Amino acid sequence: MLITQLKSKETIASLVDGKKFFVINCQGCKEVHFLEKEAADLQKELGASGNMTGTITTDYICNPENMKLRLEKHMDAIKAADVVLVFSCGVGVQTIAEYLEDKMVCAACDSCRLPGFQGVTPLEYDCGQCGECYLNLTGGICPITACSKSLLNGQCGGAKNGKCEVDPNMECGWERIYRRLEKIGRLDALKSPVQIRNYATDDEV
């Protein structure tokens, strides 16, 4: 089980400041606690700027077949946006980022772990539920789970031919992040080192 909580209002507002944006809400797993009213109120406030190109509320965006069918109906509005703002757990954000590979996809939430059943997704994506989501800085690819060493400030230097030195069958997570940021024109994000991780967030709930 996990809890999905909103990032700070200031953080979310900074992600879309001066940009056109499209909002995706996931209300899938009933095991996931999500502040629906607070999210709706915030989206209404952000939408007052006139920069929101559209919004969709669906379930299980971590299911690619379901998600693609839903998003296809909104592609014109998504293409008109500079940013896609996703209100979901980290798995959902990574799913959307993979599908919209030429679009900046941002997480509006942090996911925190709770004991018990974690739910099932048909994808290989994983969310570390660390309570401090970095997907906005790494192009929608989680450095905690995509890197064998969970490095936050770039690759270790041990990768060979794009493969991880710990697991030769695994792509280097940071090479994936670099390629993704390059594709969406956000390599500048690598100039700002990720702050020291606050491990206390794992125990706050």
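What you see is a predicted model; the values in this text were computed from it and never measured. Side chains included, hydrogens not; waters and symmetry mates left out as well; all remaining heavy atoms used.
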Going by the rule side-chain hydrogen bond (donor to acceptor under 3.5 Å, both in side chains), which residues pair with [X] if we only count those two or more places apart in sequence or in a different chain?
X	value
Lys149	Glu165
Arg70	Thr58
Lys68	none
Asn136	none

If you take all heavy atoms of [X] and [Y], which pair is closest and at what distance?
X	Y	result
Gly92	Ser88	CA-OG, 3.5 Å
Ile141	Ala146	CG2-CB, 3.8 Å
Asp59	Cys26	C-SG, 4.3 Å
Gly139	Leu181	N-CD2, 3.6 Å
Thr55	Met52	CB-SD, 4.4 Å
Cys109	Leu6	SG-CD2, 3.9 Å

Kindly compute the distance separating [atom1] ([X]) from [atom2] ([Y]), expressed to the nearest 0.5 Å.
X	Y	atom1	atom2	result
Leu137	Ile177	CG	CD1	10.0 Å
Arg176	Cys147	CZ	SG	11.0 Å
Ser49	Leu46	OG	CG	7.0 Å
Lys37	Leu42	NZ	CG	11.5 Å

Flag the pair [X] / [Y] as yes when at least one side-chain heavy-atom distance between them is below 4.5 Å, and no otherwise.
X	Y	answer
Leu152	Ile144	yes
Ile96	Leu71	yes
Met67	Tyr60	no
Val16	Asn51	no
Lys163	Glu175	no
Leu187	Tyr178	yes
Arg180	Val105	yes

### Task
Verify whether one side chain among Asn25 and Glu36 offers a donor that lies under 3.5 Å from an acceptor in the other.
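Result is no, nothing qualifies.
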Between the side chains of [Y] and [X], is the shortest nitrogen-to-carboxylate-oxygen separation below 4.0 Å, so that they form an ion pair?
X	Y	result
Arg186	Asp188	yes
Glu171	Arg179	yes
Glu101	Lys183	yes

### Message
For residues Leu190 and Leu151: do they belong to one hydrophobic cluster (side chain heavy atoms under 4.5 Å, members Ile, Leu, Val, Met, Phe, Trp, Tyr)?
### Response
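Same cluster.
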Hey, is the main chain of [Y] close enough, under 3.5 Å, to the side chain of [X] for a donor-acceptor pair?
X	Y	result
Asp110	Cys133	yes
Thr95	Val91	yes
Trp174	Gly157	no

#### Entry: Phe21/Thr53 under side-chain contact (heavy atoms from CB on, under 4.5 Å): CA gap, chis, key distance, verdict
CA-CA 6 Å; Phe21 63 98; Thr53 64; over 6 Å; no
Under 3.5 Å, which donor-acceptor pairs do the side chains of residues 74-86 form with other protein atoms, sequence neighbours left out?
| residue | atom | partner | partner atom | Å |
| --- | --- | --- | --- | --- |
| Asp82 | OD2 | Lys20 | N | 2.9 |

### Task
Determine the sole option in Lys7, Gln27, Gln43 for which the side-chain contact (heavy atoms from CB on, under 4.5 Å) test with Phe87 is passed.
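Between Phe87 and the candidates, side-chain contact (heavy atoms from CB on, under 4.5 Å) is satisfied uniquely by Gln43.
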#### Entry: Any residue meeting side chain to side chain contact (heavy atoms under 4.5 Å, CB included) with Ser14, in chain and number order, not counting sequence neighbours
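Counting only residues at least two positions away or on another chain, Ser14 forms no side chain to side chain contact (heavy atoms under 4.5 Å, CB included).
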